[in-house]
Every structure is written in C-alpha cells, then in structure tokens.
2 protein chains.
Amino acid sequence: MFCHVAPRPRNAEATRAAILEAARERFARESYDDVGMRDIARDVGVDAALVSRYFGSKEDLFIAVLNASGDKTRIIEGDRATFGQRMAREAIYKEQGPGKLEHMLIMLRSIGSTKAAELVQRNGQDRFFGPFEQWLGGPDAPVRARLAASIMMGVFIGSELCPDDLTPDQCAAMEQRMAAILQALIDG
Amino acid sequence: MFCHVAPRPRNAEATRAAILEAARERFARESYDDVGMRDIARDVGVDAALVSRYFGSKEDLFIAVLNASGDKTRIIEGDRATFGQRMAREAIYKEQGPGKLEHMLIMLRSIGSTKAAELVQRNGQDRFFGPFEQWLGGPDAPVRARLAASIMMGVFIGSELCPDDLTPDQCAAMEQRMAAILQALIDG
DNA sequence: CCATTAAGTCACCGGGCGTTGACTACCGGC
DNA sequence: GCCGGTAGTCAACGCCCGGTGACTTAATGG
C-alpha cells in the first residue's frame, strides 16, 4: 500500500508555476481573505513556507495571480457587431476554466476586502477598464464603457456568486436581453 | 480638564440599539471579514465582550443588521413610470445615510466572504429579489427582475466600491442611459 | 562516490480574531 | 443606607493567520 503520493520532482520553476496555478483557482473561488497560504500549499502538495518563499507575501502572490490571469483575458477581440452576444454568453454561461472572464471573477471575489481592494481597482483599471474604454471610442466613451462594464459585473455577480435557479429557457431569454442592451451601448 | 467622555447611561436597550447602529455603519463600509467586534465596540464606546453578549455571535449580529436594515429598504414604492430614473439616481449619486439602498450595499460588501455569502444570498432573495420580481410582473418577470437587479448591483459596485472619477456631466449622461435601460426592462 | 548547492520541510513566532467566565460598579427598591 | 441584580469591564483562552530562520533531503557535477 502506498502511503505517499509520488513526490513532486525537484524543479523550482515548475513548482512555482504550480503554486501560481493553484492560487489562481483558489482566488477565483474564494475571496482574498478566505484563501490561506496553507490552503494553496496543500493544493500543490508543498509546505506553506514555500509559498511565502517563492512569492514574498500573500499580497505579492495575489498581484502575480492578477497579472498572470490578465494575460489571457482578451475581452476585446472579434468584431464589434457580436460583442454583446459574446459577452452575454460568457457572463451567463461562463464555461469554467482559465482565461476568458476568470480575471474579472477573481477581481469581483476580492473587491470587498480592504486589503485587496486597492490592488483590484488598480489592476482592473489598467488591464480591463482602460483598454475597454479606448477600444470602445465614440461619443461618451467613458460613460458607455463604465455602464457596459458595470452591467457585465452585475450579471457576473448575479449568476456566479449567487446560486442560479433559472431554467434554460430563462437563461436564453436573459442572454438575448443582455446582449441587446450591451450591443446598444457598444454601437453608441 | 475632562479625562473621560460622558459615560453612557446604563440602559441595556439603548446600548443594544447603539451597537446595532454602529454595526450597520461598519458593515456598510467594510466587508464581513474586515469588520471586527472590537471595532464596533470601540465605535459605541463599550467593551467588545458586550457585543458578543448582546448578539450571541458575529454572525447573529450580521443577521440582525441585515434584518434591521432591510426594513428601510423600500425599493418598490412610487409609480412604475419613474422607476428607472429613481433607481439610476440612487445607484449613481447614492446620498449616504441609513435606509435607501444601504441594504444592498451591505450585502454587496460581504458577498465575497464565504462565511457571510449564504446569509447574504438568503436575505437578498427574501427581502429584495423576491418582492421585486413579484412587483414587476408581466412576461419573463424572473428574467427581467434578475437582469434589472444585476444591472443595479453592477452600477453600485462600479460607483461605490470603485473610486469615482466621472465628471458631473458624465454622471448625468450615465444616469440618463441607465434610467432608460432599467425603464425598458420594467415596462417589458 | 562524494561534496556542494538548491529545493523543500519543520518548528515556531507574534499578532489578531471571536468568545467566555469571573469580576466590578452602578442604580432602584426596601 | 444598604443590598441585590444587572450593565458593563477585564483578562484570558484557543484558534488560525502570514511569515521566518534553521534544518533536512535530493539532484548534480567533478
């Protein structure tokens, strides 16, 4: 009988990446305050001290997660004509997994924590809101960007952080309405 | 020279009410996790032990705050024709103070905390979402209610939890756009 | 085959948390 | 005028957190 799982081969770079990945998944499911260094370490199968060693502090680790996750969040791609449809689909059905809107999810989870709020705001401004506003263009771009982003955040919270009890038909109806609203904002 | 402020007169009921009020203000500004029993006690000018004594536990205190605050949240009043306008004004300018949408603010602040999320979800469903959906009526009421509530939540987060750097003109434009979107959802 | 060095672990620290039981001081009624 | 009960305080407990220095173990080059 095996008492130990196969010990991870000694590879600092791979271990560091594994920690970052585990942290990303944790922070996408729990808030900054609720995620513990020991939780992340247990997920990877290492000692908690190693997490502190590799990333300096919990705050630095969170920043690293935000930066790493932000790379994959290419919200703005594809043509403008289907933006509303795409975003509505993402926000409502939100196929799990890395990339996509996970970056937004991580930010929303921890935006309540005073320790993480500042980081979240700065990161969201730089990596999400700023580019979005610039991409949008046109008259009232700041207002339209802000409103569109707010709507996406709100639907995200409604469908991810709160339990979902909508039927498939209702989801489809909601998707359609949301897409129309967003698209109207995009088009001006 | 006075070394002590006037000691609070011995009145259990008044002290209890003062604790509840202080807790309400704290929970409206910080998340469940960030608010400490000692913080609340300090605001009132009593010992932290008294807070536990009067309300049993932090969780019970939070529930009491949600219930007490919910009474004043009469979202649904006034005529339907101006609902969008009223809500947009509330969400964007959100004159501070008890009542109004403070209940929603308290819920949003702590929705990230796993310890408070369940309470928030149940309370929000019972005191906010359910009545709202019922009041809305008409075709697709659940979908429209959910979408309208999500939009309000999103704008709330955007304007309260994130710093506001919109000019008065931009605020007015945003208010107008948001009001139109909400009103369209209300009317069907 | 061993020495060196990096990778990872272990024990522990200081601090903050919510909560509790023992204690004190005040106030109304006799 | 004191006395019982209640409002409020105090000190402490157990727990968990993030972080650190000393130690152990494994890989690697000679």
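In the text below, chain A, chain B and the rest are named by the order of the sequence lines, each starting its count at 1.
Ion pair A:K115/A:E59 not flagged as a salt bridge, since none of the NZ, NE, NH1 or NH2 atoms sits closer than 4.0 Å to an Asp/Glu carboxylate oxygen. A salt bridge does not link B:E90 with B:R86: every distance from a Lys NZ or Arg NE/NH1/NH2 to an Asp or Glu carboxylate oxygen is 4.0 Å or more. For B:E21 and B:R24, the salt-bridge test passes: some basic side-chain N is under 4.0 Å from an acidic carboxylate O.
Atoms CG (A:D47) and C1' (C:dA11) sit 10 Å apart, rounded to a whole Å. Rounded to whole Å, atom C1' of D:dC17 lies 10 Å from atom CE of A:M37. Atom-to-atom, CZ of B:R38 to P of C:dT20 comes out at 13 Å; the value is rounded to the nearest Å. Between the NZ atom of A:K115 and the C1' atom of C:dG16 there is a distance of 10 Å, given to the nearest Å. The interatomic distance linking A:R42 (CZ) with C:dG8 (P) rounds to 19 Å, in whole Å. In this structure, A:E13 places its CD atom 14 Å from C1' of C:dA7, rounding to the nearest Å. B:K58 has its NZ atom 19 Å from the P atom of D:dC15, to the nearest Å. Going from atom CZ of B:R26 over to atom P of C:dG18 covers 12 Å, rounded to whole Å.
Contact between the side-chain N/O atoms of B:T15 and the OP1/OP2 oxygens of D:dA7 is not found at any separation under 4.0 Å. Taking only side-chain nitrogens and oxygens, B:Y54 comes nearer than 4.0 Å to OP1 or OP2 of D:dG8. Distances shorter than 4.0 Å separate none of the side-chain N or O atoms of B:S52 from OP1 or OP2 on C:dT20.
Taking CG of A:L20 as the reference point, atom CZ of A:F27 lies at 10.0 Å (rounded to 0.5 Å).
In terms of position on DNA chain D, the residue among A:E59 and B:N11 whose nearest nucleotide sits closer to the 5' end is B:N11.
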Could you go through nucleotides 21-25 of chain C and list every protein N or O atom that sits under 3.5 Å from one of its N or O atoms, giving the distance for each pair?
residue: C:dG21; atom: N7; partner: B:R53; partner atom: NH2; Å: 3.0
residue: C:dA22; atom: N6; partner: B:R53; partner atom: NH2; Å: 3.3
residue: C:dA25; atom: N3; partner: B:R10; partner atom: NH2; Å: 3.2

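Ranking C:dA7, D:dG18, D:dT9 by closeness to the B:L50 side chain, first place goes to D:dT9.
At a threshold of 4.0 angstrom between heavy atoms, the contacts of A:V35 are confined to the sugar-phosphate backbone, with no base atom among them.
Using the six-membered ring where Trp is involved, B:F62 and B:Y32 have ring planes that are perpendicular, over 60° apart on the 30 and 60° scheme.
Within the 3.5 Å criterion, the main-chain N or O of A:L147 finds no donor-acceptor partner in the side chain of B:R177.
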Query raised in the report: Would A:Q85 and A:E175 count as a side-chain hydrogen bond (donor to acceptor under 3.5 Å, both in side chains) if you check the C-alpha gap in whole Å, the side-chain angles of each, and the deciding distance to 0.1 Å?
Result: CA-CA 8 Å; A:Q85 193 71 40; A:E175 182 190 351; 3.2 Å; yes
